[in-house]
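First up is the structure itself, then whatever we jot down about it.
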Amino acid sequence: KPAPLAPGWGALAVPLAVLAAALFLPIWFWFFWRIEPAPGEIAVLIRKTGKDLPSGQILALEKGQKGIQLEVLAEGRWFKNPYSWDWEIRKITDIPAGKLGVLTRLYGNDLPGGQILAPEGYKGIVPKVLGPGKHRINPYAYGVQQFDAITIRPGFGGVMTSLVGKDVLADALPEEDRNTFLVKEGMKGVQPGILDAGTYYLNPYMVVVTEVNLQSQRFELSGDDAIGFLTLDGFTVNVEGTIEYALMRDRAALLTHQVGDMDDILKKIVLPKARGFSRIEGSKNPAKNYIAGTTRQKFQDNLEAHLIAQCRNW
């Protein structure tokens, strides 16, 4: 019998190829397919193959389209075929405590003229805001602006002015809703409701909040601020004392819009009524009656009652 042939290189080729593939493929898969965003990072995916995007479109919004994908990958380990995919590692959007984030959508249809807030599918400012924390926001899809949260201190209230909604000057509105100091829900202008003390994350493109002092205020009638009047017999009497007042919570929005701040309210409402009453009522009695006795006490009581009655209307 002929001697068996010694195995040649040809016989070893297949096992060697399998061995090489077994060693190379995991290495290639690990180093070229692996996407591994670290904590505080995201991966933005870019598809190389598929359907071309329509003209003017920057994001792939449908499955199988080429280009930048809307969804991002969170921190972790992912594997994508580098023939079909590319990617970018970006920082996660971090909103610190006491701040809020306003999103501006960078893709979609253009907004109609005069509109600033973007409904779903339109470019522009998104009504919903981002609260404090980490958010996986695609930087090709959204721009992010940071603003301070609104903090109303204890003893204060927040008067809200809506920047969006129906215009109070619109001819289509009922007559009673036009040119008013306060507006109804869904209209531009000062809202009748008021925010209690606390922290609020409100979109500054939608509402402006003005902090109003609801605490009791004291004004000293003394020195140059004392109220002077002539008595029945021609003497000058100065009224000194303290006026204490506070805004009624349910009227604070109207007062601040119609009159002004606390200093305006004091100078335009409280003091003119106090001075007017004192000069009229004070001239009805001689000076000696204001030194002591029931006239002095009655004058003080009547002044207080007059101020309460007059200021209640406001």
task = Not counting sequence neighbours, which residues clear side-chain hydrogen bond (donor to acceptor under 3.5 Å, both in side chains) with D250? List them please.
result = none
Cut-off 3.5 Å, no hydrogens considered: what does the side-chain donor-acceptor table look like for residues 98-120, sequence neighbours left out?
from: K99; atom 1: NZ; to: D148; atom 2: OD1; distance (Å): 2.6
from: R105; atom 1: NH1; to: P119; atom 2: O; distance (Å): 3.0
from: R105; atom 1: NH1; to: Y122; atom 2: O; distance (Å): 2.8
from: Y107; atom 1: OH; to: Y142; atom 2: OH; distance (Å): 3.3
from: Q115; atom 1: NE2; to: L117; atom 2: O; distance (Å): 3.0

Hey, can you pull the donor-acceptor pairs under 3.5 Å for the side chains in residues 251-259, sequence neighbours left out?
from: T256; atom 1: OG1; to: A252; atom 2: O; distance (Å): 3.0
from: T256; atom 1: OG1; to: A253; atom 2: O; distance (Å): 3.1

Solution key, residues 225-233 side-chain donor-acceptor pairs under 3.5 Å, sequence neighbours excluded:
from: T231; atom 1: OG1; to: D233; atom 2: OD1; distance (Å): 2.4
from: T231; atom 1: OG1; to: F235; atom 2: N; distance (Å): 3.1
from: T231; atom 1: OG1; to: F235; atom 2: O; distance (Å): 3.3
from: D233; atom 1: OD1; to: A287; atom 2: N; distance (Å): 3.1
from: D233; atom 1: OD2; to: A287; atom 2: N; distance (Å): 3.4

remark   = Residues passing the ring-ring contact (aromatic ring centres under 6.0 Å, His included) test with F79, sequence neighbours excluded, are F29
side-chain hydrogen bond (donor to acceptor under 3.5 Å, both in side chains) pairs, two or more places apart, involving residues 299-314 = Q297-D301
message = Apply the hydrophobic cluster definition, ILVMFWY joined by side-chain contacts under 4.5 Å directly or through others, and give me every member besides I150.
response = I152, F156, M160, L195, Y200, L202, V207, V209
ask   = Can you list the residues that meet the side-chain hydrogen bond (donor to acceptor under 3.5 Å, both in side chains) rule with K134, with sequence neighbours excluded?
value = D94
message = Test: side-chain hydrogen bond (donor to acceptor under 3.5 Å, both in side chains). Region: residues 287-296. Which pairs qualify, not counting sequence neighbours?
response = N285-Y290
query = Can you pull the salt bridge (Lys or Arg N to Asp or Glu O under 4.0 Å) pairs that have at least one residue in residues 68-92, sequence neighbours excluded?
reply = E36-R77, E75-R136, E88-R90
key: Contacts of K267 that satisfy side-chain hydrogen bond (donor to acceptor under 3.5 Å, both in side chains) - sequence neighbours left out   = D263
key: Any pair counted as side-chain hydrogen bond (donor to acceptor under 3.5 Å, both in side chains), so long as it reaches residues 154-164, sequence neighbours left out   = none
